[in-house]
Each structure stands twice: as structure tokens, then as C-alpha cells.
Amino acid sequence: MSENTKEKESLNFIEEIIEKDLAENKNDGKVLTRFPPEPNGYLHLGHATTVCLNFGLAKKYNGNCNLRFDDTNPVTEETEYVESILSDVRWMGFEPDNILYSSDYFGKLFDLAIELIKKGLAYVDDSSAEEIAALKGTTTEAGKNSPYRDRSIEENLDLFERMRKGEFPAGSKVLRAKIDMASPNMIMRDPLLYRIKFAHHHRTGDDWCIYPMYDMAHGQSDSIEKITHSICTLEFAPHRELYDWCIDKLDIFPSKQYEFARRNFSYTVVSKRKLLKLVTDGHVSGWDDPRMPTIAAMRRRGFTANSIRNFSKRIGIGKRDNVVDLGLLEYCVREDLNKTATRVMGVLDPLKVVITNYPEGKTEWMDTVNNPEDPDAGTRKIPFTRELWIEKGDFMEDPPKKFFRLGPGRLGRLKSGYIIQVDNFVKDENGELTELHCTYFPTSKSGSDTSGLKPKATLHWVSVEHAIPAEVKLFDRLFLVEDPSSDERNLEELLNPNSLTVVKNAMLEPSLKDAKPGDSFQFFRLGYFTPDTDSTESHLAFNRAVTLRDAWAKAKKKG
RNA sequence: UGGCCCAUGGUGUAAUUGGUAACACAGCAGUUUUUGGUACUGUCGUUCAAGGUUCAAGUCCUUGUGGGCCAACCA
């Protein structure tokens with residue numbers, strides 16, 4: 001194929017391996033990878049980087065990438081998860097070359113097991129789980145052979161066949177590889193190959209009552225599909241010896257396994273067990289709660305597939321332990337949305353402004369730019385009237401020097417509108433600020449400003465008459481500690497109690513009426529927002545994907 | 001007292017395979033700005049340790065130290 005002569009960008013270690021293989025014309029110059037999730041949960045950010053890696057490699061080297069559901073354990077796997085995984089992969093922007101299942105190979109895998117038995121390399125063991133564990137030895141002591149280890153090939157064949165027919169109860173027998181109970185690699189101490197489970201499988205139903213273990217299924221499935229580069233996480237490194245042993249003894253296609261370090265992310269967890277616990281204990285509303293690190297949640301929150309792909313590319317791959325700063329993902333989201341999101345105005349904490357010298361009942365439709373980063377995005381009209389909503393935080397009765405928004409007597413520019421000056425503020429009986437009385441400068445109209453006035457701040461606003469109310473959800477990190485997965489304390493103690501803020505009565509500009517999930521907006525000065533999946537015409541609901549960078553908030557914090 | 005993997009700024013990855021330690025994020029300071037956004041500029045700071053080989057070591061060797069994974073009828 002095409003030789004990349006001058007590759008400026010440096011290669012990661014897997015790309016180096018692939019390019020070396022390609023140079024040697026291994027596998028006839030073909031690259032075939034696979035993404036092999038077990039359908040027992042939703043895909044999360046860790047999977048997302050693996051998806052990008054495997055599909056990305058295939059794309060880069062003109063190869064292919066299969067999606068293979070590693071569904072060899074019927075008790076944990078469900079069709080619901082299969083569907084969510086497939087839709088998440090597609091949303092990420094990748095179309096699998098083949099959609100396959102390990103369960104498709106149950107027949108072939110059974111035959112391979114028979115072959116191992118015939119070669120005297122596997123045996124049926126009647127020991128209980130406890131007995132097998134007891135004979136396993138420890139990392140520093142050799143194990144001992146099972147009393148069933150030397151059964152004849154004929155007897156093993158007979159027993160395994162009868163296991164398959166359902167003649168023995170669950171747990172009464174297993175098939176084990178006959179390797180070496182003294183191996184320094186614990187995985188090689190006669191690993192279990194098949195176990196009896198009378199469980200309904202999401203695809204094969206009740207056809208089988210014995211199921212292959214990971215080590216009898218994964219590498220073999222790779223081999224059946226002729227996967228050239230089987231990429232997995234570092235935890236599987238000890239399995240590689242067995243992976244190669246099976247391929248060698250069975251004399252099947254020599255797929256090769258390569259390992260990279262799993263990604264950890266700051267202020268969140270990616271263990272399926274812990275994510276499931278967050279869901280079942282009600283700490284979040286579901287797998288797609290926008291605070292979750294799942295792909296479904298990130299999509300619902302308003303993150304884009306493009307930003308996740310860029311993030312994945314930027315963090316690269318390696319072999320050392322790591323905690324990736326989630327701030328980088330937020331940066332990638334902003335980077336993407338800044339270029340594409342339409343700028344609109346919405347007020348989260350409304351304060352009424354009455355422009356006392358503006359005619360009652362008058363509406364001016366002001367021109368405003370949809371996206372200053374994209375001239376092709378065009379302009380639209382927004383209504384300006386005598387009564388407006390502005391952000392309560394944009395006025396201070398007694399503003400400090402560094403605050404350059406509104407205060408008594410101060411000027412402010414209303415974005416794409418007029419410059420106003422605060423004349424008065426009104427409070428209710430509780431001393432709560434309720435209203436600002438201002439005057440506007442007719443010569444200061446945006447785009448044709450001849451006033452010569454230079455207010456320090458430009459504020460967002462919405463016409464009271466035209467505003468549409470909405471619920472808006474704001475999110476903060478789920479956990480208080482940077483690395484919750486390595487914290488000894490209970491998950492509950494580490495949770496950020498303020499990870500969700502629900503704003504009930506936000507006021508939005510009327511153009512947002514028909515926004516749909518998947519649409520991205522920048523609410524001027526507030527961040528990037530997208531309609532929530534539960535948004536309806538009568539009850540608009542938005543999620544904030546991420547805030548804008550906020551130098552003022554930072555300055556305030558520092559005091 | 002085993003096997004395997006790993007060690008580069010606050011974080012994540014690079015380093016033409018022995019030849020000036022770089023890129024991005026974060027931080028800090030500033031310029032521009034009808035977003036305290038964006039863009040732009042500057043700045044901070046690093047090879048786990050000790051020996052050795054070499055004109056030259058993040059890279060090779062030795063010995064340490066530190067961390068991770070492995071003993072589920074899970075994947």
C-alpha cells in the first residue's frame with residue numbers, strides 16, 4: 001500500500017510494532033484490530049480511548065476493525081448492553097467492519113477444546129472451586145497436581161462430552177488445561193477452560209450449559225477472525241503466555257497480543273462495579289446521568305464525539321500508571337464547541353431591568369452574530385424591549401474596584417443592544433434586590449454606536465416579554481478527591497454533594513424554543529449547553545456541558 | 001519471598017533509537033476583544049538513586065529504590 005515516507009508525528013509503541021510488521025510484510029501487509037467489550041455495562045471514557053485506539057489504528061493503516069462482543073458469561077450479559085455499546089461506538093464516529101460475538105464461536109471453541117483433550121493437553125477436573133484454589137499454590141510456592149490430572153484421554157473425552165450434554169450439575173466439573181502447576185506465572189497453573197453453567201444466554205439461549213472461560217475464548221476468537229494486533233490493557237499481560245500457548249498447541253492463526261496501560265481520570269471512576277454502584281445506590285439518576293463518565297452520559301451532557309476523539313489522541317498511550325487530568329477533556333470540548341456552537345443568550349439567575357426612557361410596547365429586532373469564530377454561521381434577530389432580564393450576578397450594590405459590571409450609576413453594554421446606565425435599584429421588604437431602573441443611550445445601538453461611551457462590561461440579557469422559561473442543570477465533578485479509585489474510603493464519603501445544581505427558572509431567548517438534544521449552544525458568557533433528552537416543548541430543559549474559562553471566577557476565588 | 005510490567009515538569013505524552021530534553025493541558029503575567037470567552041505573547045518547571053561504559057547517556061550496563069499486575073468456575 002502507500003508508504004508514509006515522512007511521518008513527522010512520532011509513533012506510539014503499538015504503531016511502531018505495526019509499522020515494523022508492515023515493513024516485513026507480516027500478515028500480507030494487513031492490519032486487523034478489534035474492540036472486544038463484554039456486554040455487561042455501558043461504555044465509559046476508558047472504553048472510548050480504546051475504541052479510538054483500535055478503530056484509529058485500523059483507519060491509519062488502511063486496515064479493518066471488528067466489534068466483537070465478548071459474551072462468554074451468560075449471567076452478567078444482556079441485550080440492552082449490546083445495543084447501547086453498538087450505538088455508542090457509532091456515535092463516536094466509527095462503523096465496525098464486522099459485528100461479531102464470541103458466542104458465535106461456541107461450536108468452534110468446543111471443537112478446539114476437544115482437540116486439546118485429544119492431544120493430552122486438557123483434562124476434566126472434579127475438584128470443587130475451593131479444592132482447586134487450595135492446590136494452586138502461591139506466588140512463591142508451587143502448586144500441586146489435581147488428583148484428576150492423569151485421567152485418560154478417552155475418559156476426558158467422554159466426561160467433557162457429557163458435561164456438554166448437561167449430565168453434571170453446575171460446579172461439579174471443569175475442563176482445565178494441563179500445563180504446569182509449578183509455573184512462576186499463576187495463570188499457567190492448569191487454568192480453567194470450561195465451566196458448567198445452566199444459565200440462559202442472551203443469544204444462544206439454552207443451547208449450551210458449558211461456557212468457555214476468557215482464556216479459552218478470547219485469543220481463539222482473535223485467531224478465528226485473523227486479528228493481527230490484539231490490543232488489551234496491562235492487566236492481561238500475564239495471560240499472554242497462555243494466549244500464545246493455546247495458539248501454538250492448537251496450531252491456529254497467530255494473533256499477537258499487545259498491552260497498554262488502562263487510563264484513569266481525575267475526579268471520577270471507570271470501574272464498572274463502582275459505576276454500577278453509583279447507579280443502584282441512587283447517587284446518580286442512571287448510566288446516562290450527565291455526571292457519569294459513560295459515553296451515553298457525555299453525549300447527553302453535550303460533549304461531542306469529536307472532542308472525545310481529540311482528547312483520546314492527545315493523551316496517547318503508554319505503559320505506566322496514570323491519572324489523566326479531566327481538565328484536558330473539558331478543554332477539548334470547549335475547543336470543539338467554540339468553533340461550532342451558536343451563541344445565544346440565556347439568563348440563569350434573572351434580575352429585571354426596566355429601561356425607563358425606552359417606550360413601552362416597543363420591540364426592536366436587533367442583529368446578532370451567530371458565531372464570531374465562523375463567519376458562515378450568519379446572523380439572526382433578537383428582540384429588545386423596555387423590560388429585560390439580566391444576570392443577578394452582573395450587578396453589585398457596592399462593587400469592588402476589580403468588578404467591572406453594573407453598579408449604581410455605572411454603565412454597561414447589552415450585547416447586540418444598547419448601552420445602559422443604572423439609575424436606581426429596588427428592594428423588597430426582605431432587602432432582596434428585585435429590579436434595576438436604568439436609562440439607555442439611543443445613540444449607542446450596537447453596530448451604529450456614535451455615543452463614544454466605553455463601558456467596561458458587555459452583558460447578556462433576554463427580553464421579559466419574549467423570554468421562554470427553562471430548567472437548566474449545571475454539573476460539577478462527581479468526586480471530591482482527585483483519585484477516588486485508589487482512595488481507601490467508601491465511595492459515598494468521596495462524593496461531591498454539590499455535583500448537581502438545578503436551575504428551575506432560567507430565562508432563554510425565544511430562538512431556543514425548537515432546540516433538540518445534540519444541538520450545541522454557547523450561552524453567552526455562561527458556557528456550552530445542549531437540550532436534555534427529557535426536554536419537551538412545554539418544559540424546556542438544558543444541560544451545561546462545560547463552563548467557559550472564567551478569569552473573573554478565578555480572581556474572586558483568590559480574593 | 002516468584003513471574004511479568006513500569007519509572008521523564010503539577011498532568012499526559014515525545015525525544016531523529018547514544019548527539020541541544022520537546023508538544024499539549026494546567027499555573028502565573030500580559031496584549032487584543034461588544035463574551036472576564038476566543039486568539040496571541042511571555043513565563044514557570046523535568047530525566048527515581050548510585051556507580052559504570054563513552055568525546056557524549058533520559059536512552060546502554062550493574063546494583064538499588066519506588067509503583068503496578070497476577071493465586072475469580074469474571075473479563
Side-chain angles (χ1 to χ4, degrees), chain A residues 9-12 16 36-38 40 70-73 75-77 125 127-129 132-133 136-143 170-176 183-189 192-197 210-211 213-215 217-218 232-241 259 261-263 266 272 311 314-332 334-335 338-339 343 345 368-369 372-373 402-405 413-417 419 446-447 449 454-460 482 522-527 547-556:
Chain A
E9 271 178 34
S10 60
L11 305 175
N12 64 49
E16 274 178 13
E38 184 188 11
N40 67 347
D70 214 350
D71 56 349
T72 57
N73 186 1
V75 302
T76 58
E77 295 149 8
D125 195 331
S127 308
S128 67
I132 289 175
K136 196 104 190 182
T138 67
T139 52
T140 55
E141 283 169 60
S172 63
K173 285 179 169 49
V174 290
L175 183 74
R176 300 178 72 179
S183 171
N185 181 355
M186 300 295 292
I187 299 291
M188 297 298 278
R189 321 248 261 227
L192 271 58
L193 265 22
Y194 265 89
R195 78 285 216 190
I196 300 169
K197 269 181 203 270
I210 58 170
Y211 291 92
M213 299 284 289
Y214 170 84
D215 291 302
H218 199 101
C232 62
T233 51
L234 236 29
E235 305 90 273
F236 291 96
H239 291 259
R240 189 179 59 236
E241 191 179 353
E259 310 90 15
R262 205 190 81 183
R263 266 42 184 88
S266 59
K272 267 185 202 168
F311 171 68
R314 278 170 192 263
I315 63 177
I317 61 163
K319 289 190 140 193
R320 39 180 164 162
D321 291 342
N322 58 81
V323 181
V324 179
D325 184 357
L326 221 45
L328 181 59
L329 176 57
E330 294 185 358
Y331 171 85
C332 291
R334 290 190 189 104
E335 182 190 39
N338 177 49
K339 291 188 207 120
R343 270 60 169 174
M345 291 201 274
T368 192
V369 172
E373 303 293 316
K402 281 202 278 188
F403 183 86
F404 46 83
R405 277 110 93 152
R413 154 73 67 187
L414 296 173
K415 169 70 181 170
S416 300
I419 292 172
S446 198
D449 184 353
K454 293 271 177 244
K456 274 211 273 189
T458 300
L459 311 176
H460 58 280
E482 186 169 344
Q522 185 196 99
F523 286 15
F524 205 68
R525 300 206 299 143
L526 296 176
T547 63
L548 260 27
R549 280 185 70 216
D550 191 347
W552 168 240
K554 211 175 277 177
K556 261 196 306 193

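Each chain gets a letter, A, B and so on, in the order the sequences are listed, and its residues count up from 1. Values below: every heavy atom of this structure, side chains too, minus hydrogens, waters and symmetry copies.
In this structure, A:L526 reaches neither bases nor backbone, as no heavy-atom distance under 4.0 Å exists between it and the strands shown. Within the nucleic acid shown, A:G447 comes within 4.0 Å of at least one base atom, counting heavy atoms only. Within 4.0 Å of A:F236, counting heavy atoms only, lies at least one base atom of the nucleic acid. Nucleic acid contact for A:N73: sugar-phosphate only, since backbone atoms but no base atoms lie under 4.0 Å from a heavy atom of the residue. A:V75 comes within 4.0 angstrom of no nucleic acid atom, judged by non-hydrogen atoms across all strands. As judged by a 4.0 angstrom heavy-atom cut-off over every strand, A:P372 is placed among the base-contacting residues. Among the atoms of the strands shown, base atoms are found under 4.0 Å from some heavy atom of A:S128. When heavy atoms are screened at a 4.0 angstrom cut-off, A:K415 is found touching base atoms of the nucleic acid. Among the atoms of the strands shown, none is found under 4.0 Å from any heavy atom of A:H460. If you check every strand for non-hydrogen atoms under 4.0 Å, A:K197 touches sugar and phosphate atoms only. Residue contacts shown for A:M213 are limited to sugar-phosphate atoms, with no base heavy atom under 4.0 Å away. Residue A:F523 is classed as having no contact, given no heavy-atom separation below 4.0 Å to the nucleic acid. At the heavy-atom level, A:F404 lies under 4.0 Å from base atoms of the strands shown.
Side-chain atoms of A:S446 come within donor-acceptor range of the base of B:U34, with a qualifying N/O pair under 3.5 Å. One can find a donor-acceptor pair under 3.5 Å joining the base of B:G36 and the side-chain atoms of A:R405. Counting distance only, with no hydrogens placed and no angle test, the side-chain atoms of A:E482 and the base atoms of B:G10 include no donor-acceptor pair under 3.5 Å. Counting distance only, with no hydrogens placed and no angle test, the side-chain atoms of A:Q522 and the base atoms of B:U35 include a donor-acceptor pair under 3.5 Å. Scanning atom types as modelled, no donor and acceptor separated by under 3.5 angstrom connect the side chain of A:R314 and the base of B:U13.
Within the structure, every side-chain polar atom (N or O) of A:Y214 is placed at least 4.0 Å from both OP1 and OP2 of B:C74. OP1 or OP2 of B:G36 sits under 4.0 Å from a side-chain N or O of A:R525. Between B:U34 and A:K454, no contact under 4.0 Å exists linking OP1 or OP2 to a side-chain N or O. Close to B:A39, at under 4.0 Å from its OP1 or OP2, lies no side-chain N or O of A:R334. OP1 and OP2 of B:G68 both lie 4.0 Å or more from every side-chain N or O belonging to A:K319.
Distance from the side chain of A:L234 is smallest to B:C5 among B:C70, B:C5, B:U34. Listed nucleotides: B:G36, B:A75, B:U35. Nearest to the side chain of A:T72: B:A75. Each of B:U13, B:A71, B:C73 was ranked by its minimum atom distance to the side chain of A:T138; first place goes to B:A71. Of all nucleotides listed (B:U17, B:G12, B:U1), B:U17 comes nearest to the side chain of A:E16. Which of B:G2, B:C73, B:U35 sits closest to the side chain of A:V174 comes down to B:C73. Listed candidates were B:C74, B:A24, B:A71. Nearest to the side chain of A:E38 is B:C74. For A:L328, taking side-chain heavy atoms from C-beta onward, the closest of the listed nucleotides B:A14, B:A26, B:A24 is B:A24. For A:M186, the listed nucleotide lying nearest its side chain is B:A71; candidates were B:A71, B:U34, B:G68. Side-chain atoms of A:R413 lie closest to B:U34 of the nucleotides B:C69, B:G37, B:U34. The A:P184 side chain lies nearest to B:G2 when the options are B:G2, B:G37, B:C73.
In B:U17 the O4'-C1'-N dihedral to the base is within 90° of 0, which defines a syn nucleotide.
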TODO: Dump the intermediate steps for ring-ring contact (aromatic ring centres under 6.0 Å, His included) on A:F236 and A:H218, then the final yes or no.
DONE: CA-CA 11 Å; A:F236 291 96; A:H218 199 101; 7.1 Å; no
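Protein atom CD of A:E141 is 15 Å distant from nucleotide atom P of B:G3, rounded to whole Å. In this structure, the CD1 atom of A:I187 is 10 Å from the C1' atom of B:A72, given to the nearest Å. Counting to the nearest Å, the P atom of B:C73 and the CZ atom of A:R195 are 9 Å from each other. The distance from atom NE2 of A:H239 to atom C1' of B:A72 is 10 Å, rounded to the nearest whole Å. Atom P of nucleotide B:A26 and atom CD of A:E335 are separated by 10 Å, given to the nearest angstrom. To the nearest angstrom, C1' of B:U38 lies 14 Å from CG of A:D550. Atom P of nucleotide B:U11 and atom CG of A:N322 are separated by 11 Å, given to the nearest angstrom.
Of the C1' atoms belonging to B:G58 and B:U13, the separation is 14 Å, rounded to the nearest Å. The separation of B:C25 from B:U38, taken at their P atoms, amounts to 11 Å, rounded to a whole angstrom.
In terms of position on RNA chain B, the residue among A:I317 and A:R240 whose nearest nucleotide sits closer to the 5' end is A:R240.
For the 3.5 Å distance criterion, the side chains of A:D125 and A:S127 qualify, holding a donor opposite an acceptor.
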